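A short worksheet on the structure shown next.
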Amino acid sequence: MLAKYNAKIAGTGMYVPDKILNNFDLEKIVETSDEWIRTRTGMIERRVASTEQASSDLAYEASLNALKSAHLRAKDIDLIIVGTISPDHPFPSTACVLQHKLGVKHIPAFDVSAGCPGWIFASSIAKQFIENGTYNNILVVGVEILTKITNYSDRNTCVLFGDGSGAAVFSRTESTDIALIIDSEIAADGSYGDILIQKAGGSRNPATEETVRENLHTVYMEGNKIFKLAVRSMYHACDIVLKRNHLDVKSIDWLITHQANMRIIEALGRKMKIDKKKVIVNIEKYGNTSSATIPMALDESIKSGKIRSGDIVLMASFGAGLTSGSLLVRI
Ligand code: ACO
């Protein structure tokens with residue numbers, strides 16, 4: 001498709017709940033150790049939402065921060081897209097709840113269910129709506145409250161997940177802008193659907209006393225299988241956008257991958273042969289927040305001055321589906 005306009009990231013924001021759950025807290029819940037979690041995952045602590053907080057509450061705070069950094073008001077937004085696997089409700093969408101919280105009406109809002117790359121998928125949609133001239137400013141949010149769908153008797157999964165939200169405003173670029181959404185790539189392979197799944201709560205296995213008793217409403221994951229697919233699928237997603245734009249890895253200033261496991265991040269970095277100093281990591285503070293990991297890391301790195309205007313940032317994620325995707329931008 002020939003783009004009529006270009007898109008850019010005009011502002012970013014994030015929000016995490018105050019409560020911290022660290023590895024030592026987890027030692028009191030399941031048979032694990034700080035040492036195992038740190039060396040096998042790179043995680044030290046993660047945030048936990050309060051019982052009153054739902055995903056839209058976290059998304060709302062992150063959105064306000066993103067709007068502020070884009071110097072826009074909620075009424076300037078034409079579309080809201082939320083990537084999440086832990087929505088407030090199966091329906092209505094968290095994006096609609098967020099629209100109401102932001103006090104705006106008459107703009108479309110919808111969720112994208114694409115596992116951990118939900119924010120990447122949502123960004124890819126936003127990019128196209130701006131490029132074809134349909135919308136000027138789109139709020140793209142990644143949000144999760146995974147701790148409410150985590151089985152705290154399963155040490156294989158419960159040490160991994162945390163809560164948080166990241167948001168970005170995608171806007172039409174002006175001719176003077178250096179910032180640009182360069183490209184994106186999204187993919188899915190449904191044949192791996194059963195290795196990372198919330199088994200109950202949908203039409204396949206509606207909620208019953210039994211599904212609750214058997215913890216089927218929590219994350220089921222075959223970690224080892226995911227691990228190998230993660231590196232392969234993110235490498236592929238990165239390779240495609242680099243090749244399509246005639247860039248080699250040396251042209252990338254920063255790589256932000258899904259923060260699922262430090263060893264996955266390192267393995268991808270090695271496979272890509274990218275300088276370690278260019279790989280952004282915040283897994284030690286927040287654990288795996290699924291579709292929020294990338295926009296949170298992006299916001300933190302921009303706000304701390306690490307990522308600067310003109311830097312080329314490659315982002316890549318993978319997750320339940322199995323899905324994968326990448327987003328290449330100049331900030
Ligand atoms: N504490 C102590 N021991 C543990 C723990 C724990 N928390 N969890 C597992 N173990 C044990 C296992 O029981 C096993 O013991 P055994 O050898 O006696 O059977 C041993 O550690 C090794 O288990 P593995 O599963 O082989 O450990 P691995 O090194 O693969 O690490 C992990 C497990 C962290 C889950 C890893 O496989 C992983 O990160 N996989 C990818 C997960 C992922 O990326 N998910 C992303 C999508 S999910 C999402 O984003 C929503």
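Read the numbers this way: they start at 1 and go in the same order the structure lists the ligands and their atoms. We're numbering straight along the sequence, starting at 1. Computed from a predicted model, the values in this text were never measured in an experiment.
A heavy-atom separation below 4.0 Å is not found between Ala230 and ligand 1. Residue contacts with ligand 1 include His258, since one of its heavy atoms falls under 4.0 Å from the ligand. Contact annotation: Asn288 has at least one heavy atom less than 4.0 Å from an atom of ligand 1.
Screening Glu45, Glu35, Arg46 against Asn23 for a side-chain hydrogen bond (donor to acceptor under 3.5 Å, both in side chains) leaves a single residue, Arg46. Checking Asn156, Asn151, Thr150 one by one against Asp154, the side-chain hydrogen bond (donor to acceptor under 3.5 Å, both in side chains) holds for a single residue, Asn156.
Looking at Glu27, its side chain never comes within 3.5 Å of a backbone N or O of Ser33 through a donor-acceptor pair. Side chain of Gln259 to main chain of Thr289: no donor-acceptor pair is present (N/O by atom type, distance under 3.5 Å, no hydrogens or angles).
The closest heavy-atom contact to atom 13 (O) of ligand 1, among the options Arg155, Gln259, Lys225, Glu31, comes from Arg155. Of the listed residues (Asn261, Leu229, Val219), the one carrying the non-hydrogen atom nearest atom 36 (C) of ligand 1 is Asn261. For atom 42 (C) of ligand 1, the nearest non-hydrogen atom from the set Met221, Met43, Arg40, Glu35 comes from Met221.
When heavy-atom distances to ligand 1 are checked against a 4.0 Å cut-off, Asn224 comes that close through both its backbone and its side chain. If you look at Thr157 next to ligand 1, there are no close heavy atoms at all, none under 4.0 Å. Contacts of Val30 with ligand 1, taken as heavy-atom pairs under 4.0 Å, are absent altogether. The side chain of Thr41, and not its backbone, has at least one atom closer than 4.0 Å to an atom of ligand 1 (non-hydrogen atoms only; side chain from C-beta on).
Taking 4.5 Å as the limit, some side-chain heavy atom of Leu327 sits within range of a side-chain heavy atom of Trp119. In this structure, Leu247 and Leu314 have side chains that are not in contact, with every pair of non-hydrogen atoms separated by 4.5 Å or more.
Under the ring pair (Phe, Tyr, Trp, His ring centres under 6.0 Å) criterion, Phe129 pairs with Tyr135, not counting sequence neighbours. Contacts of Ala122 classified as side chain to side chain contact (heavy atoms under 4.5 Å, CB included), with partners at least two apart in sequence or in another chain: Ile81, Val112, Val140.
Close contacts of ligand 1 with Val159, meaning ligand atoms under 4.0 Å from a residue heavy atom, involve 7 (N). Of all atoms in ligand 1, listed by their number and element, those nearer than 4.0 Å to a heavy atom of Ile264 are 41 (C), 44 (O).
In this structure, atom 47 (C) of ligand 1 lies nearest to the protein heavy atom Leu196 CD2, 3.4 Å. Looking only at protein heavy atoms, the nearest one to atom 51 (C) of ligand 1 is Cys116 SG, 3.4 Å. Residue, atom and distance of the protein heavy atom nearest to atom 9 (C) of ligand 1 are Asn156 OD1, 3.1 Å. Scanning the protein for heavy atoms near atom 46 (C) of ligand 1, the closest one is Phe318 CE1, 3.7 Å. Closest protein heavy atom to atom 10 (N) of ligand 1: Trp36 CZ2, 3.4 Å. In this structure, atom 43 (C) of ligand 1 lies nearest to the protein heavy atom Ile226 CG2, 3.7 Å. Counting protein heavy atoms only, atom 1 (N) of ligand 1 is closest to Thr32 OG1, 2.6 Å.
Shown here is Arg244, whose CZ atom has more than 12 heavy atoms of other residues, nucleotides or ligands within 6.0 Å. Enclosure of atom NZ in Lys68 is not indicated, since only 12 or fewer non-hydrogen atoms of other residues, nucleotides or ligands lie within 6.0 angstrom.
Per-atom contact check: atom 25 (O) of ligand 1 touches the protein, criterion being a heavy-atom distance below 4.0 Å. Atom 17 (O) of ligand 1 is never approached by the protein to below 4.0 angstrom, counting heavy atoms only.
Residue contacts with ligand 1: Arg263 is placed with a nitrogen or oxygen under 3.5 Å of a nitrogen or oxygen of the ligand (distance criterion only). For ligand 1, one of its N or O atoms has an N or O atom of Gly223 under 3.5 Å away.
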Let me see the working for Glu300 and Lys285 under salt bridge (charged side-chain N to carboxylate O under 4.0 Å, His left out), right down to the final yes or no.
-> CA-CA 12 Å; Glu300 260 195 353; Lys285 288 193 285 186; 3.0 Å; yes
What do the steps show when you test Asp76 against Arg73 for side chain to side chain contact (heavy atoms under 4.5 Å, CB included), and what is the final call?
-> CA-CA 5 Å; Asp76 301 319; Arg73 285 178 291 179; 3.7 Å; yes
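To the nearest 0.5 Å, the span separating CD1 on Ile178 from NZ on Lys8 amounts to 11.5 Å.
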